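Okay, structure first, notes after.
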Amino acid sequence: MTGLAARHLHALRRRDFVSGDALIDGRWIAAAQRDPVVDPATGEEIADVARCGAADMEGAIAAAQRSFTAWRELLPANRGAILRCWASLMRDHSEELAILVTGEQGKPLAEARHEIAYGAGFLEWFAAEAERTYGETIPSHKPGCLLQVRMQPIGVAAAITPWNFPVAMITRKAGAALAAGCPIIVKPAPETPLSALAVARLAEEAGVPRGVLQVIVGNPIELSAPLLRDTRIRALSFTGSTQVGRLLLEGAAATVKKVSLELGGHAPFLIFDDVDIAKAVTGVMAAKFATSGQDCLAANRIYVQKGIYGAFTDALAAEIAQLKTGHGLEPTTDIGPMTKVSVAEKCRLQIHDAAAKGARVFSAEKDEGLGPSFIAPTLLSDVTDDMLIAREETFGPVAAVLPFDSEEEVLARANASEMGLAAYVYTDSLRRAMRLSENIEYGMVGINTASFTGPPIPFGGWKQSGLGREGSRHGIEEYMELKYVCFGDLAG
Ligand code: NAD
């Protein structure tokens, strides 16, 4: 598989998609120093990107501020038209963008294509939302007064985005910010800068004005410091680990920025013994192995009621045995490499810990020969609450199955986590589904489905899984301020 990603990148018609130059104030910056971009499957260098520094970020903040007035004064319909054009260019270039995503992130090409469509969908959604930021008129509590609430753009926004959805996590944030009338500066993950920069080229072609969208690559700590301390940055949106989210929240406190955080998950997946086992297995396969398990919605604790425990684990093992690990650009691949070797190491640690504490381990393939970033799809059964995998997020293709007896018991175990992003419940009982959906402490709940994300839903978590919501009609609120205006003395 050596050279596969490099060959695909070399064959791209859009050579500018692999230039690796950053976009600052309407100019493409090569920078004196460059950082490598590697194919995570092989560790081979496939491109290099500009290494921007703090001074570049300061320039970008000034450029964003300069662009703000003209952008916010455009009619919402005109901002929406630019967003729709950007989405349409993404769809036109879907194949090239997908190759970039797979080349630097590693996910199978079919999933990368899906991500481009998913990402374009956020731009289309927010193009429409731009025209729906209505505000309110409040029945007055004072004689002769008219009370209005307006929604206004907050100012310059910044986004720090992850490597697992390197395109969609940018459009979900930038679509909302631009629709609201805010310029945004994006700092993508260093592992996946090429797709971010390619999408920025399409934004420019769609008519996003100079300074309104900028994409800056480089060292995360060096680039985030000016963002955090500058009072002109009014909103900060982050997707990534809870650990970094905490640091950014702390850093943003000094200038009291509006912060939205989409952090780690540790999703419980509850399966009761009244379900169709085949449907539950299909749900678990989707919720565990999509994006090779590198998904904050991934099922991390699969609780199965004892009556069907044996039959369920056998059926799940049979499905896992069908999964094929390999390079994301090979058409037969279901599971690609982990984008970061550190994520693969965490998976290995969790597998060893579970095995040492008595879990049964079933792997579809042998890891040997695949390379350090690969984890063969693995089933851990008889997992107990004291094992690492039951206590922390995995972010890889390792399915942990835990038996349970009663609804009361499994609800308490599902809620016994500081994470609260997504949860899944499979049951044929409507009453039980209603009870659990009410009492489970998670921001998003799938009942008898493992597929629920998309532009119309409020994506976000409870507890230490985050703050605020992305997508839906609420997503745009992260980039807006309410203004209350009281008109008095109307009687004259
Ligand atoms: P991370 O939080 O370190 O990286 C996410 C983003 O934050 C990247 O853009 C990175 O460059 C930036 N970043 C890192 N350190 C920073 C700092 N000190 N200041 C400012 N920005 C910083 O995530 P990771 O280490 O690459 O992945 C580790 C774990 O995080 C994963 O195993 C997973 O549990 C979680 N994660 C979650 C998501 C999600 O979708 N919620 C995405 C990626 C990672």
Side-chain angles (χ1 to χ4, degrees), residues 35 37 40 49 51-52 54 57 104-107 115 118 158-170 172-173 185-193 195-197 215-229 233 236-252 257 259-267 290-298 300 338-350 373 375 388-389 391-398 417-422 443-444 453 459-461 463-471:
D35 285 317
V37 182
V49 291
R51 185 191 302 165
C52 300
M57 185 57 90
E104 61 186 1
Q105 199 278 344
K107 65 179 74 176
E115 181 180 349
Y118 178 58
I160 299 180
T161 57
W163 42 261
N164 58 340
F165 286 88
V167 167
M169 294 306 97
I170 291 176
R172 192 158 77 179
K173 295 177 196 302
I185 300 170
V186 178
K187 191 217 77 62
E191 294 77 15
T192 54
S195 44
L197 293 164
V215 178
I216 307 198
V217 283
N219 177 284
I221 297 174
E222 189 181 344
L223 294 181
S224 62
L227 286 178
L228 290 171
R229 70 171 168 257
I233 301 289
L236 173 67
S237 177
F238 170 73
T239 299
S241 62
T242 298
Q243 190 192 2
V244 173
R246 272 191 212 105
L247 283 177
L248 294 174
L249 187 59
E250 229 179 287
K257 297 184 197 311
V259 177
S260 45
L261 302 172
E262 203 270 279
L263 308 175
H266 187 31
T291 326
S292 312
Q294 301 175 109
D295 190 330
C296 52
L297 299 179
N300 223 70
M338 302 299 97
T339 310
K340 294 174 76 160
V341 173
S342 59
V343 173
E345 281 162 359
K346 186 177 178 192
C347 292
R348 283 191 271 273
L349 181 70
Q350 290 189 351
S373 56
I375 293 292
L388 275 181
I389 198 161
R391 303 205 314 264
E392 55 179 43
E393 188 176 32
T394 304
F395 235 60
V398 186
S417 168
E418 274 315 306
M419 295 297 140
L421 192 63
M444 297 173 281
T453 188
F459 196 109
K463 300 194 260 184
Q464 294 187 32
S465 283
L467 291 174
R469 292 296 179 270
E470 295 194 301

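Since this is a predicted model, take the numbers as computed values, not measurements. Whatever order the structure lists them in is the order used to number ligands and atoms, beginning at 1.
In this structure, atom 20 (C) of ligand 1 lies nearest to the protein heavy atom Ser224 OG, 3.3 Å. Protein heavy atom nearest atom 27 (O) of ligand 1, with residue, atom name and distance: Trp163 CZ2, 3.7 Å. Regarding atom 40 (O) of ligand 1, its nearest protein heavy-atom neighbour is Asn164 ND2, 3.2 Å. Annotation: atom 7 (O) of ligand 1 to nearest protein heavy atom, Phe238 CE1, 3.2 Å. Looking only at heavy atoms of the protein, atom 29 (C) of ligand 1 is closest to Ser241 CB, 3.9 Å. The nearest protein atom to atom 9 (O) of ligand 1, hydrogens excluded, is given as Thr161 O, 2.7 Å; this is a heavy-atom distance. The closest protein non-hydrogen atom to atom 31 (C) of ligand 1 is Phe395 CD2, 3.6 Å. Residue, atom and distance of the protein heavy atom nearest to atom 13 (N) of ligand 1 are Pro220 CB, 3.6 Å.
Under the side-chain hydrogen bond (donor to acceptor under 3.5 Å, both in side chains) criterion, Asp295 pairs with no residue at all, not counting sequence neighbours. In this view, Thr394 and Asn300, Gln350 satisfy the side-chain hydrogen bond (donor to acceptor under 3.5 Å, both in side chains) rule, not counting sequence neighbours.
Between the CZ atom of Phe165 and the OG1 atom of Thr239 there is a distance of 11.0 Å, given to the nearest 0.5 Å. For the atom pair CZ (Phe395) and NZ (Lys346), the distance works out to 8.5 Å, reported to the nearest 0.5 Å. Rounded to the nearest 0.5 Å, atoms CG (Leu227) and CD1 (Ile233) are 5.0 Å apart. Expressed to the nearest 0.5 Å, how far CG of Asn219 lies from SG of Cys52 amounts to 11.5 Å. Between the SG atom of Cys296 and the CD atom of Gln294 there is a distance of 11.5 Å, given to the nearest 0.5 Å. Distance check: Arg348 CZ to Ile375 CD1 gives 4.0 Å after rounding to the nearest 0.5 Å.
Ligand 1 has a nitrogen or oxygen under 3.5 angstrom from a nitrogen or oxygen of Lys187.
Within the cation-pi definition used here (under 6.0 Å to the ring centroid, within 45° of the axis), Lys187 does not qualify as a partner of Phe238.
Every atom of ligand 1 is numbered from 1 in the order shown, and the set under 4.0 Å from a heavy atom of Ala189 is 8 (C), 9 (O). Here is the list of ligand 1 atoms found below 4.0 Å of a heavy atom in Cys296: 39 (C), 40 (O), 41 (N). Counting the atoms of ligand 1 from 1 in the order shown, those under 4.0 Å from a heavy atom of Leu248 are 20 (C). For ligand 1, the atoms closer than 4.0 angstrom to any heavy atom of Pro190 are 11 (O). Per-residue contacts place Thr239 under 4.0 angstrom from the following atoms of ligand 1 (heavy atoms of the residue considered): 5 (C), 39 (C), 40 (O), 41 (N).
Here the shortest heavy-atom distance to atom 37 (C) of ligand 1, taken over Pro162, Gly466, Gly240, belongs to Gly240. With distances taken over non-hydrogen atoms, the option nearest atom 3 (O) of ligand 1 out of Asp295, Leu227, Val244, Leu297 is Val244. Considering Thr339, Val343, Leu263 only, the shortest heavy-atom separation from atom 41 (N) of ligand 1 involves Leu263. Looking at Gln294, Lys340, Met419 and measuring to atom 24 (P) of ligand 1, the nearest heavy atom belongs to Lys340. In the candidate list Gln243, Lys346, Glu392, Glu393, Glu393 is nearest to atom 34 (O) of ligand 1, counting heavy atoms.
Contact detail for Pro193 and Pro188: the closest heavy-atom pair is CA-CG, 4.5 Å. Between Met444 and Leu297, the shortest heavy-atom distance links the atoms CE-CD2, 3.7 Å.
Judged by distance alone, the side chains of Thr192 and Glu104 never bring a donor and an acceptor atom under 3.5 Å apart.
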